[in-house]
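For reference, the structure discussed in these notes is given below.
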Protein chains: 2
Amino acid sequence: MSLEETTPRPAPRTARGARTRARLLQAAEDVFATVGYPDASIVRITELAGVALGTFYVHFTGKKEIFDEVVRDLSRRVRQAMSAASSAAPDRLQAEREGFRAFFAFTAEHPALYRIIRQAEFVSPEVMRRHYDDICSGYAAGLDAAMGRGEIRGLDPEVAAWALMGAGELIGMRWVLWEREGRIPEPVFEQLMALIEGALAPTPTTDGERT
Amino acid sequence: MSLEETTPRPAPRTARGARTRARLLQAAEDVFATVGYPDASIVRITELAGVALGTFYVHFTGKKEIFDEVVRDLSRRVRQAMSAASSAAPDRLQAEREGFRAFFAFTAEHPALYRIIRQAEFVSPEVMRRHYDDICSGYAAGLDAAMGRGEIRGLDPEVAAWALMGAGELIGMRWVLWEREGRIPEPVFEQLMALIEGALAPTPTTDGERT
DNA sequence: ACGAAACATGAATCACCTTTCATGTTGGCC
DNA sequence: GGCCAACATGAAAGGTGATTCATGTTTCGT
């Protein structure tokens, strides 16, 4: 249960330092994703990165610090991919569509995302929570705006964001990660969209359900 | 990446053996849930269980075997809780309601479920997948039946089951596990139900959407 | 081109963990 | 009450891996 704040190493001051650090990060991502945190050793990471064992400690204070860094990096990348994809959409439904497509595509290309985030539960609950919070707040903001425009029904954007995020997560796990195809089957995608449409549709389906 | 099939130890033949084994399982659940798989050592488990180190190997072949057993046990219990709660419901919506309520209640009482299942990703992908598959198949069957009765709209029960399962999972994580209250706030629960209702409602909200 | 700071190295240290095993102890059947 | 299999024990063997450090090498501002 190490809750100690490891004071992070200062950023590299030379080009060489930056290069080595980047190599270590990339190697760490690969190792964490393939063998998992428990079996990921510093030796393995440094070997894959092609640097000496001691070099690791020049750049990181320990295994947890580099793990955190890897998570933050992946998180940033997936959010960027999703928002880039959905920002051009004309309406909310279209934005959902593009956002989810981007998410599944990212998952297909970087299975490390799932595999690593799920381990963060113990390794580093703070960064894990941060990851979900970050995705969620962008998502909730989008829903909120759409609600203002009357494109979707009135609901708590935060709850909706978490629920939809969860739906996407498990669908991605089941059909992108676990299926050999490596990309989501179109019918599954359409089904998911139909569910989302139903959930967000402006007209409440049961009559007279007002707050 | 140990993929070896560890031949499991035979079941205990005396009452004492069974008792010890149970103590070890309970201790393992606690340890895995509090410190996580990487930091969970056999010593820790046996100490908590109050038995000698060597005794562990009388009952289990190693760390992975007891982990698998713990996961299977938790999985069985949560499924049992959910199906017991939802089986008496008069219709599908009510069944959803009771099922989710039971799930959140179980989560509140056994945070170990989440914490442990999420680690299974690497420790033991098979049991993890089994857990989700098991929940899902029951869920999908329920949806299928409801669809036959016309209570919910026509959709792929499997996709719907995974999507809803995911929604529940993240909502539970966010509001049961992460919030100090320890139980889901009623408004959040109602919001989730509203989303589910919308997603499953028999009348497609966008007109003329027929297959 | 020089020198100080930054960086890289890998052998050595240290802490801890898994697993075995020879030896006792207990449970329950006759 | 006696006996055998089942069970429990904990010391010890054998590993593994994280982290340190004294020592070289490179970078870069001047």
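Protein chains get the first letters and strands the later ones, always in sequence-line order, with residue 1 at the start of each.
Residues of residues 15-26 of chain A that place a heavy atom closer than 4.0 Å to DNA chain D, in numerical order, are A15(A), R16(A).
Heavy atoms from other residues, nucleotides or ligands lying under 6.0 Å from CZ of R13(B) number 12 at most.
Per the geometry, OH belonging to Y37(B) stands 14 Å off P belonging to dC17(C), to the nearest Å. The nearest whole Å value for the distance from the CZ atom in F56(A) to the P atom in dA18(D) is 9 Å. Atom CG of L53(A) and atom P of dC21(D) are 14 Å apart (whole Å). Taking atom CZ of R44(A) as the reference point, atom C1' of dA18(D) lies 15 Å away to the nearest angstrom. Atoms CD (E47(B)) and P (dT18(C)) sit 12 Å apart, rounded to a whole Å. dT18(C) atom P lies 15 Å from atom CZ of F60(B), rounded to whole Å. Counting to the nearest Å, the P atom of dA11(D) and the OH atom of Y57(B) are 16 Å from each other. One can place CZ of R13(B) at 17 Å from C1' of dA8(D), the figure rounded to the nearest angstrom.
From D73(A), atom CG reaches atom CG of D68(A) across 12.5 Å, with rounding to the nearest 0.5 Å. Taken to the nearest 0.5 Å, the OH atom of Y57(B) stands 4.5 Å off from the CD1 atom of I42(B).
I42(B) comes within 4.0 angstrom of the backbone, heavy atoms only, and of no base.
Remark: H59(B) is in phosphate contact with dA8(D), judged by side-chain N or O atoms under 4.0 Å from OP1 or OP2. For the OP1/OP2 pair of dT9(C) and a distance below 4.0 Å, the side-chain nitrogens and oxygens of T55(A) include at least one atom meeting the criterion.
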Salt bridge (charged side-chain N to carboxylate O under 4.0 Å, His left out) between E169(A) and R118(B), worked out | CA-CA 13 Å; E169(A) 181 161 319; R118(B) 290 203 142 231; 3.3 Å; yes
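The aromatic rings of F32(B) and Y37(B) sit parallel, their planes meeting at an angle under 30°, below the 60° perpendicular limit.
Side-chain atoms of D91(B) and Q94(B), non-hydrogen and from C-beta on, do get closer than 4.5 Å to each other.
Residues W162(A) and R174(B) come closest through the heavy atom pair CZ2-CD, 3.3 Å.
Side-chain atoms of V58(A) lie closest to dT9(C) of the nucleotides dC7(D), dA18(D), dT9(C).
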